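Residue numbers start at 1 and run along the sequence shown. From a predicted model like this one, the values you see are computed outputs, not experimental measurements. Order of appearance sets the numbers: ligands from 1, and atoms from 1 within every ligand.
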Amino acid sequence: KQSVVIAGGGSTYTAGIVMMLIENQEKFPLRQLKFYDNDEERQSIVAKACEVIVKERAPEIDFLATTDPKEAFTDVDFVMAHIRVGGLSMREKDEKIPLKYGVVGQETCGPGGMAYGMRSIPGVVELIDYMETYSPNAWMLNYSNPAEIVAEATRRMRPNAKIINICDMPVAIKKSIAEIVGLENESDIVDRYYGLNHFGWWTEMTDKQGNDLMPKLKEHLVNYGYAAAGGEENPLLEESSWMDTFQKAKDVYAVDPTTVPNTYLKYYLYPDYVVAYADPNYTRANEVMDNREKNVFAECERIAAAQTAEDTTIEAGEHAEFIVQLAGALAYNTYERMLLIVKNEGAIANLDDDAMVEVPCLVSKRGYEPLSMGKIPHFQKGMIEQQVAVEKLVVDAFEEHSYQKLWQAMTLSKTVPSASVAKQILDEMIEANGEWWPKL
Ligand code: G6P
Ligand code: MN
């Protein structure tokens with residue numbers, strides 16, 4: 001049986017992760033579940049409810065919430081990390097500052113992602129150090145964003161750490177695809193995919209019998225995007241801007257119909273459209289605060305007051321399913337095939353070895369083994385190399401406290417039209433981030 005600490009105990013996703021873990025007790029049995037957060041007030045809202053949930057549904061699991069790193073990280077097999085350094089209020093600034101200058105305002109893409117990256121790096125490195133101090137044999141499954149920048153930073157700064165960076169986006173898209181092609185389960189799809197996190201392309205998809213799923217999927221993409229299949233979402237949340245990501249997929253697909261895109265590519269290929277339809281005064285952070293955060297916290301407080309979660313609306317987060325799958329593969333040697341963010345080292349043949357890429361990997365007790373995706377075409381290679389350079393420059397800027405490097409990063413991003421716009425955004429972001437950033 002496993003012991004898990006969730007770092008980011010106060011996240012609006014945490015209760016859904018707990019539900020998911022409880023539902024998976026056969027596949028991935030727990031002896032202990034701990035929450036860790038540096039925001040005690042936030043964590044305690046979620047923890048009080050989860051304590052009730054665990055007692056009611058899986059009383060064999062020891063539950064504990066703490067802000068003490070030693071207590072949190074001692075005697076654990078897995079650290080599931082999904083921290084948001086600066087919280088949703090800083091996310092709001094990441095989104096709104098670029099929009100003022102007509103640039104994509106997004107959590108992980110463009111200048112917002114870079115700003116968030118500068119805040120996240122020390123937070124994630126700190127978690128690695130806690131883990132290595134108190135449970136040196138544990139694995140950290142990291143889905144803290146911006147995953148690409150965090151992955152590049154941890155590759156450089158903690159090269160031997162047992163950290164695996166992963167994202168739910170490919171799984172979420174594959175769920176939509178499974179519906180489109182008439183398969184029950186996302187895991188029935190065998191895929192070939194290459195790129196970066198939130199920035200990649202599928203080249204092949206078959207079912208387990210080897211039947212090609214691409215023709216049917218492509219026909220659907222031309223007609224509807226992924227939209228028709230993306231409708232089932234968490235009832236706790238109104239998903240307007242999120243759903244739009246799926247709707248734009250067909251235009252992204254149109255640019256290269258030999259592949260099937262990750263929907264986030266719309267931010268790089270159609271930034272003008274994204275900005276035109278964005279509300280600079282009300283962004284995704286506002287939606288999340290006004291909907292998911294309010295609803296989840298209210299529901300947690302209700303559970304804590306009633307001391308029962310029998311009729312709760314909190315559901316096992318689909319968002320969390322992949323993380324249980326990954327942990328299970330590592331613990332029980334299942335050789336599951338999953339898309340992970342790993343050091344390239346030849347997986348994409350015509351790309352630098354030290355780029356952090358998202359490719360299919362086989363996951364087992366020994367860790368992960370990336371599969372070779374071969375050479376990629378000029379279009380994708382050009383886009384990927386540009387984006388990798390952006391991410392590397394952000395990490396350079398962090399390490400060297402370099403204004404110049406961060407300005408270069410913003411200038412180079414496909415989402416930003418010029419060096420002067422990049423500079424205006426950067427200067428405002430330095431102000432807004434204050435102590436969250438190293439002094440440039
Ligand atoms: C997807 C991405 C995550 C991101 C999330 C944001 O799941 O893969 O990296 O954090 O969307 O969702 P939200 O509902 O907070 O906008
Ligand atoms: Mn993601």
Q. Is Ser120 reaching over with its side chain to a backbone N or O of Asn145, donor-acceptor style, under 3.5 angstrom?
A. yes

Q) Has the side chain of Arg156 got a donor or acceptor atom that lies under 3.5 Å from a matching backbone atom of Lys392? A) yes

When the ring planes of [X] and [Y] are compared, do they come out parallel, tilted or perpendicular, using 30° and 60° as the limits?
X: Tyr264; Y: Tyr267; result: perpendicular
X: Phe199; Y: Tyr268; result: perpendicular
X: His82; Y: Tyr13; result: tilted

(Q) Working to the nearest 0.5 angstrom, can you tell me the gap between Tyr143 OH and Ser11 OG? (A) 8.0 Å

Q. Backbone, side chain, both or neither: what part of Arg91 comes under 4.0 angstrom of ligand 1, heavy atoms only?
A. side chain

Measuring from non-hydrogen atoms of [X] to any atom of ligand 1, is the shortest distance under 4.0 Å?
X: His198; answer: yes
X: Glu293; answer: no
X: Tyr264; answer: yes

Check each atom of ligand 1 against the heavy atoms of [X] and keep those under 4.0 Å away; list them by number with element.
X: Glu107; value: 4 (C), 6 (C), 10 (O)
X: Met169; value: 8 (O)
X: Asn145; value: 3 (C), 4 (C), 9 (O), 10 (O)
X: Arg292; value: 13 (P), 14 (O), 15 (O)
X: Tyr13; value: 12 (O), 13 (P), 14 (O), 15 (O)
X: Arg284; value: 13 (P), 14 (O), 16 (O)
X: Cys167; value: 8 (O)

**Q.** Single hit among Phe35, Tyr36, Phe78 for ring pair (Phe, Tyr, Trp, His ring centres under 6.0 Å) with Phe73
**A.** Tyr36

Q. SG (Cys167) to the Mn ion (ligand 2) to NE2 (His198): angle, nearest 10 degrees?
A. 90°

Q. Is the number of heavy atoms from other residues, nucleotides or ligands under 6.0 Å of Lys174 NZ greater than 12?
A. yes

Q. Does Phe398 reach the side chain of Met157, with side-chain heavy atoms less than 4.5 Å apart?
A. yes

Q. Given Thr283, Asp168, Asn262, which one has a non-hydrogen atom that is nearest to atom 7 (O) of ligand 1?
A. Asp168

